[in-house]
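Presented below is the structure to which this report refers.
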Amino acid sequence: MSSNTRVRFAPSPTGYLHIGGARTALFNWLHAKHTGGVLVLRIEDTDRSRNTAEAAQAIYDGLRWLGLDWDEGPEAGGDLGPYFQSERETIYQSYLDRLRAADRVYDDNGSVRFRFTREKVVFDDVICGHIEFDMTSAETNPDMTIRRPDGSWIFHFVNVVDDIEMKISDVIRGEDHLSNTPKHVQLYRALGVPPPRFAHIPLILNRDGSKMSKRDQGASLNTYIEGGYLPEAVRNYLCLLGWSPKDNREKLDLAEVVQLFDLAKVHRKNAAFDLDKCTWLNGEYVRELSDDRFQEMGRQALTKAGIDLGKFLPDYVRAALETCKGKFRIFSELPAYGGFYFKDDFEFNADGVAKHFVPANKPLLLAVREAFAALDTFDAASLEAALKATASGRAIKVGALVHPTRLAVTGSNAGPSLYHLLEVLGKEKVLARLDRALSRFG
RNA sequence: GACCCUAUCGUCCAGUGGCCUAGGACACCGCCCUUUCACGGCGGCGACACGGGUUCGAAUCCCGUUAGGGUCGCCA
């Protein structure tokens, strides 16, 4: 399927990719893919104080992490560049000349202003529908500045010029630009170019409904990258914010979303970012991760938490990680869940101590130690049999032994399957840890 | 303040005049499964912002109010 659809994602290099920007990029990407069109990436760095190179890199990294590639732009090439506004000076100059020739600009204290036509501006937004703005009053809509006295350009002007030059057919952007659109439409008309289609997507709000700004928790994509989230899960969650496959499904693969995505069906309502749901969805994906990728991400998460895996045999690490699969939702939870495999001097959970390290349990734990010590083969099946035999020999429930034992060897009340975890730990470590716990009883 | 957008469970989404005593998901609570946790299963809690219309009939259409968000820069 070929088409003339050309969309663009045009972020300002702020040093990180905002979660709202990420979704705008995602929707642009989806629309391009759905229509067989092209996605252009353009860096809007007209503000000279911004450190473009590094800040732009953060944007590429974020987009690539999400799996969003662009057809034209930095590091991708294209015939309609350059794709940094800071490198398009002569183009802007020529467009300014056109406006000047048409007598649509004038100087004001050294800056250049664009003279609006005093009229009603109407346009049809793909998402928001028919929009009317009354621009007849210079009081409420004063002529806008398009170039500063120092020669630098203002967003509205360069944005429109670039969209014209890059032959953008559909401008898909955040709803915060809806009120700016009539100004842009006026610019198109003054330049004698038909405006593109506009589609303003709703904004992402904080969980409490307030506006999500730079400093808010979760505003930066980095939060998810560093927090041990999977890109496919975050991408899936973002798809569901303001758009729906309509059949109550939550987990959708990318190819299917591309097929179903319909820009016109995107909501008009702002949505709150629900980290809990995003985390749940992540857990769904983690559970289905291939063993290799799970192992790789697991090692990364543990290393990041300060654990030196080099001190352990690869087989030990692999087996340890294996017992944790499917038990947690985001990788940042892994160190707390399975860190005991790599630390002998861990603290014992206080609630657990109060509940299980009571005097009456000391003989029980001793009996378990004795049973385990007598084992020749230290595998899950033998351990389970030994523990159950110990329990029935004393006419107590298995749980009465399981809980103190788990606490003794892991320091926690929750964790991987006890018998498997004991097997991975090995006889030596298990007996040592049991002794260490026993010493706590005084 | 002016203008623009929006308004279904706490959150995300389904619902486009009768199928709605409003459905699903996350979260929360209970039960079951179970060596813990998680998963899974079952059940519960929980919403059409308010007021007027239109219509035989309104969550769905219209108007108003209220609330939230956005824009009004020589930021993007």
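Only heavy atoms go into these numbers, but all of them, side chains included; no hydrogens, no water, no symmetry mates. Lettering of chains follows the sequences in order, A, B, ..., and the numbering in each one begins at 1. Everything numeric here is computed off the predicted structure, so don't read it as measured data.
- Summarising the base pairing, B:U54 is matched to no nucleotide, lacking a Watson-Crick or G-U wobble pair whose two defining distances lie under 3.5 Å.
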| said: Within the 4.0 Å limit for protein heavy atoms, which parts of nucleotides 62-67 of chain B are touched? Write it as a string from 5' to 3', B for base, S for sugar-phosphate only, - for none. | reply: ------
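- The residue A:Asn109 sits close to a base: some heavy atom pair falls under 4.0 Å.
- Salt bridge A:Arg113/A:Asp108: present, at least one basic N to carboxylate O contact under 4.0 Å.
- Dashed line: the shortest gap from a side-chain N or O of A:Arg249 to OP1 or OP2 of B:C26 is not under 4.0 Å.
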Scan nucleotides 58-60 of chain B against the protein and return all N/O pairs shorter than 3.5 Å with their distances rounded to 0.1 Å.
none

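- Residue A:Thr46 places at least one side-chain N or O under 4.0 Å from the OP1 or OP2 atom of B:A76.
- The partner of B:U36 cannot be assigned: no Watson-Crick or G-U wobble pair with both contacts below 3.5 Å exists in any strand.
- As rounded to whole Å, 14 Å separates atom P of B:A38 from atom CD of A:Glu284.
- Distances from the side chain of A:Thr140 to the nucleotides B:U35, B:C75, B:A2 place B:A2 closest.
- A donor-acceptor contact under 3.5 Å is not formed by the side chain of A:Thr145 with the base of B:G73.
- Evaluation of atom-type donor-acceptor distances gives no pair under 3.5 Å for the side chain of A:Lys183 against the base of B:U71.
- Here the P atom of nucleotide B:A38 and the CG atom of A:Leu289 are 21 Å apart, to the nearest Å.
- Searching all strands for a Watson-Crick or G-U wobble partner of B:U65 with both distances below 3.5 Å returns B:A49.
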| Stepwise side chain to side chain donor-acceptor pair (under 3.5 Å) test for A:Thr181 and A:Arg173 | CA-CA 11 Å; A:Thr181 305; A:Arg173 63 197 349 177; 3.2 Å; yes
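- A straight line from NE2 of A:His184 to C1' of B:C72 spans 13 Å, rounded to a whole angstrom.
- Using N1 to N3 plus N6-O4 or O6-N4 for Watson-Crick, or N1-O2 and O6-N3 for G-U wobble, each under 3.5 Å, B:A25 pairs with B:U11.
- Every pair passing salt bridge (charged side-chain N to carboxylate O under 4.0 Å, His left out) that includes a residue from residues 381-399 of chain A is listed here, sequence neighbours excluded: A:Glu384-A:Lys388.
- When the P atom of B:C37 is taken as reference, atom OH of A:Tyr419 falls 14 Å away, rounded to whole Å.
- Remark: C1' of B:G40 and NZ of A:Lys327 are 13 Å apart, rounded to the nearest angstrom.
- Sorted by first and then second residue, the salt bridge (charged side-chain N to carboxylate O under 4.0 Å, His left out) pairs with a member in residues 321-338 of chain A read A:Asp291-A:Lys325, A:Arg329-A:Glu333; sequence neighbours excluded.
- Classification of A:Arg249 and A:Glu256 as a salt-bridged pair holds, one side-chain N sitting under 4.0 Å from a carboxylate O.
- Under the 3.5 Å distance criterion, with hydrogens and angles disregarded, no donor-acceptor pair is assigned to the side chains of A:Trp70 and A:Glu75.
- Note: CH2 (A:Trp280) to C1' (B:G40) measures 13 Å, nearest angstrom.
- With sequence neighbours left out, A:Tyr341 forms a ring pair (Phe, Tyr, Trp, His ring centres under 6.0 Å) with no residue at all.
- Distance noted for atom C1' between B:C48 and B:C39: 34 Å (whole Å).
- Every residue two or more places apart in sequence or in another chain that forms a ring pair (Phe, Tyr, Trp, His ring centres under 6.0 Å) with A:Phe273 is listed here: A:Tyr224, A:Tyr237.
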Under-3.5 Å N/O pairs linking protein and nucleotides 9-13 of chain B:
unit_1, atom_1, unit_2, atom_2, d
B:G10, N2, A:Arg207, NH2, 3.3
B:G10, N3, A:Arg207, NH2, 3.4
B:U11, O4', A:Arg207, NE, 3.2
B:U11, O4', A:Arg207, NH2, 2.8
B:C12, OP1, A:Ala272, N, 3.0
B:C12, O2', A:Leu240, O, 3.1
B:C12, O2, A:Lys277, NZ, 3.3
B:C13, OP1, A:Gly242, N, 2.6
B:C13, O2', A:Ser244, OG, 3.0

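- Nucleic acid contact class of A:Glu384 (heavy atoms, under 4.0 Å, all strands): none.
- Applying the Watson-Crick and G-U wobble criteria (two distances, each under 3.5 Å), B:A59 pairs with nothing in any strand.
- The stretch residues 397-415 of chain A touches RNA chain B through A:Val402, A:His403, A:Arg406, A:Asn413, A:Ala414, A:Gly415, each having a heavy atom within less than 4.0 Å of the strand.
- Among pairs with a residue in residues 413-426 of chain A, those fulfilling side chain to side chain donor-acceptor pair (under 3.5 Å) read A:Asn349-A:Asn413, A:Ser417-A:His420, at least two apart in sequence or across chains.
- The separation of B:A22 from B:U8, taken at their C1' atoms, amounts to 8 Å, rounded to a whole angstrom.
- Under the salt bridge (Lys or Arg N to Asp or Glu O under 4.0 Å) criterion, A:Asp351 pairs with no residue at all, not counting sequence neighbours.
- If you take CZ of A:Arg268 and C1' of B:U8, they are 16 Å apart, rounded to a whole angstrom.
- Between A:Asp176 and A:His156, the residue anchored nearer the 5' end of RNA chain B, judged by the nucleotide with its closest heavy atom, is A:Asp176.
- With both pairing distances under 3.5 Å, B:A2 is matched to B:U71 as a Watson-Crick or G-U wobble pair.
- With sequence neighbours excluded, no residue satisfies ring pair (Phe, Tyr, Trp, His ring centres under 6.0 Å) with A:Tyr337.
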Donor-acceptor pairs are to be reported for all side-chain atoms of residues 398-407 of chain A against protein atoms at under 3.5 Å, with residues two or more places apart or in another chain.
unit_1, atom_1, unit_2, atom_2, d
A:Thr405, OG1, A:Leu401, O, 2.6
A:Arg406, NH1, A:Pro416, O, 2.9
A:Arg406, NH2, A:Pro416, O, 3.1

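- Surrounding NZ of A:Lys251 are more than 12 heavy atoms belonging to other residues, nucleotides or ligands, all under 6.0 Å away.
- When each of A:Phe114, A:Phe123, A:Phe155 is checked for a ring-ring contact (aromatic ring centres under 6.0 Å, His included) with A:His184, only A:Phe155 meets the rule.
- Atom P of B:A58 sits at a distance of 13 Å from the matching atom of B:G52, rounded to the whole Å.
- Note on A:Pro416: a base of the nucleic acid sits closer than 4.0 angstrom, heavy atoms only.
- Of the candidates A:Phe9, A:Trp243, A:Phe261, A:Phe261 is the only one forming a ring-ring contact (aromatic ring centres under 6.0 Å, His included) with A:Phe27.
- The CD1-C1' distance, from A:Ile131 to B:U6, rounds to 11 Å in whole Å.
- Each of A:Lys265 and A:Arg287 lies near RNA chain B, and the nucleotide nearest A:Lys265 is the one positioned closer to the 5' end.
- Remark: the A:Asp150 side chain and the A:Ser152 side chain contain an N/O donor-acceptor pair separated by less than 3.5 Å.
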